[in-house]
Amino acid sequence: MLSSAQLAVFVPAALAVAASPGANNLLAFRNGLRQGLRPAAVALTGRLAAFALMLAVVVTGLGALLHTSRTAFEVLRFLGTAVLIGMGAWVLWSARAAPASEKSPPEREDGRPRRVAGWRLAAQEFVTAAANPKALLLFTAFLPPFVSSQDGAAAAGAQLAVLGALYIVCEAATASGWAAAGHLLAGREPRPATLRRLDQASGCALIAFGGGLALTDPPRR
């Protein structure tokens, strides 16, 4: 389906793009830190499901609408902005400082973070990925240059589907790395105050990602 030359160029590029810091990778890190590696891995199914839906949209040709229609893109862009800023505000509110007399954060009396159901974590990952039009533009702008038009090559749609599936695999691998990094940090048993500061930083970063999404205007071809 894909030549070795295509794979040699695409896989490293996909890993680099997937590993870059972003709202979803930040969530994976935070879930690994606050909830543990297994719940963070379960949460990743939400992101991968969103990406699989986006890939299906692109392969069927509907992604061209978002790629060419400024109105459609703007609607999704501001929706994504609202989701990211709202989620960041929620994280900041959850991480609000406890009274100085307390030795642990308000989540639980033993100072450990409150466990969140895996489906809720997965829903957060899904919404964060699905509400970001840049993720869909990734499939419409990043994948096509790797499609071969040489004689004997498979149909473009089939190549696009395989490339997208490979990217999702790369996304799963690098996201697991982010979650594992958070889990390793949690293994050092950071103090409750440190966890609150990390949550505050995560909330601010999510708001910053949302603001950046509102202010940027990705180029179209």
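In this structure, Leu26 is not a member of the same hydrophobic cluster as Leu37, with clusters built from ILVMFWY side-chain heavy atoms closer than 4.5 Å. Residues Val11 and Val169 are members of separate hydrophobic clusters, defined by side-chain heavy-atom contacts under 4.5 angstrom among Ile, Leu, Val, Met, Phe, Trp and Tyr. Val9 and Leu160 end up in the same hydrophobic cluster when Ile, Leu, Val, Met, Phe, Trp and Tyr side chains are linked at under 4.5 Å.
Take Arg38 and apply the side-chain contact (heavy atoms from CB on, under 4.5 Å) test, not counting sequence neighbours, and it matches no residue. Evaluation of the side-chain contact (heavy atoms from CB on, under 4.5 Å) rule for Ala175 yields Asn25, Leu44, Arg47 as partners, not counting sequence neighbours. By the ring-ring contact (aromatic ring centres under 6.0 Å, His included) test, Phe126 is found to be paired with no residue, residues two or more places apart in sequence or in another chain being considered.
For the atom pair Gln35 CD and Arg120 CZ, the distance stands at 11.0 Å (nearest 0.5 Å). Atoms CD1 and CE, from Ile168 and Met54 in turn, are 10.0 Å apart once rounded to the nearest 0.5 Å.
Shown here for Glu171 and Ala18, the closest heavy-atom pair between the two residues is OE1-CB, 3.4 Å. Counting all heavy atoms, side chain and backbone alike, Leu15 lies closest to Thr174 at O-CG2, 3.8 Å. Here the closest non-hydrogen pair linking Ala172 and Leu48 is CB-CD1, 3.8 Å. Summarising the geometry of Ala165 relative to Leu55, their closest heavy-atom pair is N-CD2, 3.7 Å, with the distance given to 0.1 Å. Scanning all heavy atoms of the two residues, the minimum distance from Ala43 to Asn31 falls at CB-ND2, 3.8 Å. Across every non-hydrogen atom of Thr60 and Val57, the tightest pair is OG1-O, 2.9 Å.
For residues 9-24, no pair satisfies salt bridge (charged side-chain N to carboxylate O under 4.0 Å, His left out), with sequence neighbours left out. Among residue pairs with one or both ends in residues 5-26, none qualify as salt bridge (charged side-chain N to carboxylate O under 4.0 Å, His left out); sequence neighbours excluded.
Side-chain rings of Tyr167 and Phe10 stay apart, their centers remaining 6.0 Å or farther from each other.
The backbone N or O of Val42 sits less than 3.5 Å from a side-chain atom of Thr45, completing a donor-acceptor pair.
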Could you pull out every donor-acceptor pair under 3.5 Å between side chains of residues 177-187 and any protein atom, sequence neighbours left out?
from: Trp178; atom 1: NE1; to: Ala19; atom 2: O; distance (Å): 3.2

